[in-house]
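Below you'll find the structure, written out as structure tokens, and then a few comments.
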Amino acid sequence: MLRCCALLAAMILVGLTTFEAHADRRVALVIGNSQYREIPALKNPDKDAEDVSKTFRLAGFEVFAAKDLTRLQFEEKFRNYLAAADGADLAVVYYSGHGFQIGGENFLIPVDASLKDAADMEVQAIKVDDILRQLRSRSKIQMIILDACRNDPFPRKDYWLRDQLIVADGTGLAQVTGSQNTLIAFATEPGAVAYDGSGDLSPFSSAFSRRALTPNQEIRSVMAAVRRDVVKATNGKQVPWENSSLLDDVVLMRGTEQPAAAAPDAEQDQQTAERGIEVAAAAEAMGNRDIRVPVGVGPVPLKLDFPAKGAAISLKLASYPATGTLSLPDRGLSPQSTLTAAEVDKLRYEPQVGSAAPADIGFEIRAGNAARQATVRLSPNVDPCDQAAGEPLDLQGVVPGRLPNEIGSGAVEACETAVKSYPDIARFRYELGRALLTSGRVDEARQAIQEAADKGHIRALFTLGSIASVDLSKANDLYSKASDKGDPYAMAVWGRALFDGLGVQRDTGKGLDLLLQAAAMGHVDAMKNLAMIFKEGRNGVPTDPDRALAFLKAGMERQDVYSMGILGLPSRPARSTPVVLACKAPKVITKIKEVRVPAPKPKTPPKAPVPQPADPVPTDSGRAPWTGSNSSDHPGNGGGGKGNSD
């Protein structure tokens, strides 16, 4: 009777644990910038990032880890991270490196930043508010943790922000206020400087990694313990700080309750040899397998068909995949997780967006004293629909994307197959709509894109606005909704509409902000729009040719052929052609000068048929380029900066 009660209690405990440990989506981006090119290197951030990445992985997070990112590398990594964070319960960004404030705005500094000119802050640095805004639109709870409060190392102290030239007047980082369910933590108090410390890790990162793994500890208690550790380690010179508007409790390291193992009995002792044989056979059946796993469709069942089903057999994750996440239907798994034999066939894997390299799972299969190792290889597989019709800068996409003129004839068939295979994945319906639109099947395309929008695909809202562009009011409403959700295309078009009052009451400040946000996400048409605004000086924004030049150069760095053309540079070769630099560098235009040429005297032309108007030269989105004028033409939808077809 007593044994039955104990068994019942154990079952209840496991049931409660399963209920509390449902498989939440928890995603972390961890960056360490040490090897700066224009300023002295920092000794700790790369090691800080490595240590903190391990911490989050042990806590069961999907981790996007990166070191020494340039501005362009950050954009790509951040977009991949946002695709994974879409719909996440908790999204975390941890940054160690140079960062400082200008005019109350906090910026993180990529390793290739020079910040020599007044316009460089907007095109070279990363605004913390832009990161936070994207996280708010995608996740239930957001955390930003900044070990970046070092002194400003750059000689220049005045930079353009929006429509003002701001002079830096503070050290460290400025205080940030978040929306509901947000925590923003700093390595030290606002306006103060953090220390690298004498060891391999900064005092803050070291304390965080140690305290974050305390089982079942709420994050505010964790940060209080971190604060005590750092104050002690720095003799009170550094005091970590955080702003919290959390409504929910956040536990990084959840306690893992395992079912109590049954006590060995005589029968088990007699079966030791048989179990050893069973373990060896299971390891042989499991090992040396290569499983292709689709990217961007959620956790995929691996269907390992584990041959041993005995309750005495257990499996430990001897090695966790370097990228992506393992889970069971009721809980996520970490590098320290164990499984029962019955759970192995329920194992799921979700590849990391942007990572094409195979990942390995190492199992230790054990029964009593018998143990064997087995390794399963997982190969990420991008669906043919994504390859054929994915779109640039789609923050819910999984590939760099193609422009409309790059979508081939087989895209419709590939995407129809994907929609049938994954009817709940909105992205495939949207990409089917793109392929249909390119094929001229407009009504079918509109229906597919509307279905994608109804299922939550943000870029689909923008494209519906483009299709409905004759009705400016309807189009602007769709652009506004997609912009609020962080879509770069929508931010660019809605920003231009607000800036110039195109079908909406003019709001120059908000319009300029949205254009800057779109440019910060790598949108080259937004960069060209900004270049024209700063070249001409419109709607109260002062003229600054150097600032215009900075945005054109930013477009050129993203291989935008129109920015190159404006700057007088040849467009890039086709993708398949390697870039070979000549011994003599090409001449780069460093000033924009407007030269007025007198119009020739009109001559009376001979009578001839009136020619039809020529088609406008398409932008990288397939629309006519905007010249920066205040015309009432509807804005086009620029994109990823590529102008050549495959």
Side-chain angles (χ1 to χ4, degrees), residues 27-33 35-37 45-46 49 53 62-86 88 91-95 97 107-113 122-128 130-131 133-135 137-138 295-296 322-324 351-357 380 382 386-387 390-403 406 427 458-459 486-489 491-492 516-527 551 553-560 563 572 575 579 620 638-644:
V27 188
L29 172 63
V30 181
I31 299 172
N33 281 351
Q35 301 302 316
Y36 284 88
R37 301 174 184 178
D46 55 348
S53 294
E62 179 178 5
V63 179
F64 288 73
K67 299 178 183 179
D68 299 326
L69 292 182
T70 65
R71 173 59 197 251
L72 293 182
Q73 289 169 341
F74 173 85
E75 288 177 11
E76 180 181 5
K77 197 76 173 180
F78 188 53
R79 285 195 295 265
N80 290 336
Y81 163 74
L82 288 177
D86 189 40
V92 179
V93 172
Y94 192 109
Y95 174 83
F107 290 86
L108 310 181
I109 310 302
V111 296
D112 60 338
E122 291 174 325
V123 296
Q124 294 182 8
I126 298 146
K127 189 185 294 185
V128 172
D130 287 345
I131 295 175
R133 189 177 294 107
Q134 289 289 349
L135 296 188
S137 68
R138 277 168 175 74
V295 178
T323 58
Q352 187 168 101
V353 175
S355 177
V382 175
D386 288 317
Q387 294 175 338
E391 187 163 27
L393 302 191
D394 182 355
L395 302 186
Q396 293 168 298
V398 300
V399 293
R402 293 176 179 268
L403 300 171
E406 297 176 316
R427 181 181 75 255
I458 300 169
R459 178 61 57 79
D487 181 68
Y489 278 35
M491 288 191 292
L516 289 168
Q517 290 170 33
M521 293 299 296
H523 193 282
V524 294
D525 273 9
M527 296 174 190
F551 278 96
K553 286 182 176 179
M556 180 188 71
E557 290 170 354
R558 290 155 183 82
Q559 302 299 318
D560 175 54
S563 298
R572 68 179 177 92
R575 289 183 194 169
V579 177
D620 45 10
K642 298 175 289 185
N644 297 334

Distance-only side-chain donor-acceptor flag, Gln396 / Asp86, under 3.5 Å: yes
Look at [X] together with [Y] and state whether they make a salt bridge at an N to O cut-off of under 4.0 Å.
X      : Y      : result
Arg71  : Glu75  : yes
Glu391 : Arg402 : no
Asp394 : Arg79  : no

Between atom [atom1] of [X] and atom [atom2] of [Y], what is the distance when rounded to the nearest 0.5 Å?
X      : Y      : atom1 : atom2 : result
Phe551 : Ser563 : CZ    : OG    : 11.5 Å
Asn33  : Gln73  : CG    : CD    : 9.5 Å
Asp68  : Arg37  : CG    : CZ    : 9.0 Å
Asp525 : Asp560 : CG    : CG    : 7.0 Å
Thr70  : Lys77  : OG1   : NZ    : 12.0 Å

Partners passing ring pair (Phe, Tyr, Trp, His ring centres under 6.0 Å) against Phe107 (at least two apart in sequence or in another chain): none
Ring pair (Phe, Tyr, Trp, His ring centres under 6.0 Å) partners for Tyr94, two or more places apart: Phe208
How close do [X] and [Y] get, counting heavy atoms only, and between which atoms?
X      : Y      : answer
Ile131 : Ile126 : CD1-CG2, 3.8 Å
Val398 : Gly296 : CG1-CA, 3.9 Å
Ala83  : Gly397 : CB-O, 3.4 Å
Arg138 : Ile458 : NH2-CD1, 4.0 Å
Pro110 : Tyr36  : O-CE2, 3.3 Å
Ala518 : Pro488 : CB-O, 3.5 Å

Side chains of [X] and [Y]: does their closest heavy-atom pair fall under 4.5 Å?
X      : Y      : value
Leu393 : Arg459 : yes
Pro351 : Thr323 : no
Tyr81  : Leu395 : no
Gln352 : Val27  : no
Val295 : Pro380 : yes
Ile31  : Leu29  : yes
Val111 : Leu69  : no
Met491 : Met521 : yes

Partner residues of Glu122 under the salt bridge (Lys or Arg N to Asp or Glu O under 4.0 Å) criterion, sequence neighbours left out: Arg547
Sidechain-backbone polar pair: Gln517 side chain, Asp130 backbone, donor-acceptor under 3.5 Å: no
From CA spacing to verdict: side-chain contact (heavy atoms from CB on, under 4.5 Å), Asp112, Leu72: CA-CA 10 Å; Asp112 60 338; Leu72 293 182; over 6 Å; no
Pair Arg427-Asp386, side-chain contact (heavy atoms from CB on, under 4.5 Å): steps then yes or no: CA-CA 9 Å; Arg427 181 181 75 255; Asp386 288 317; 2.8 Å; yes
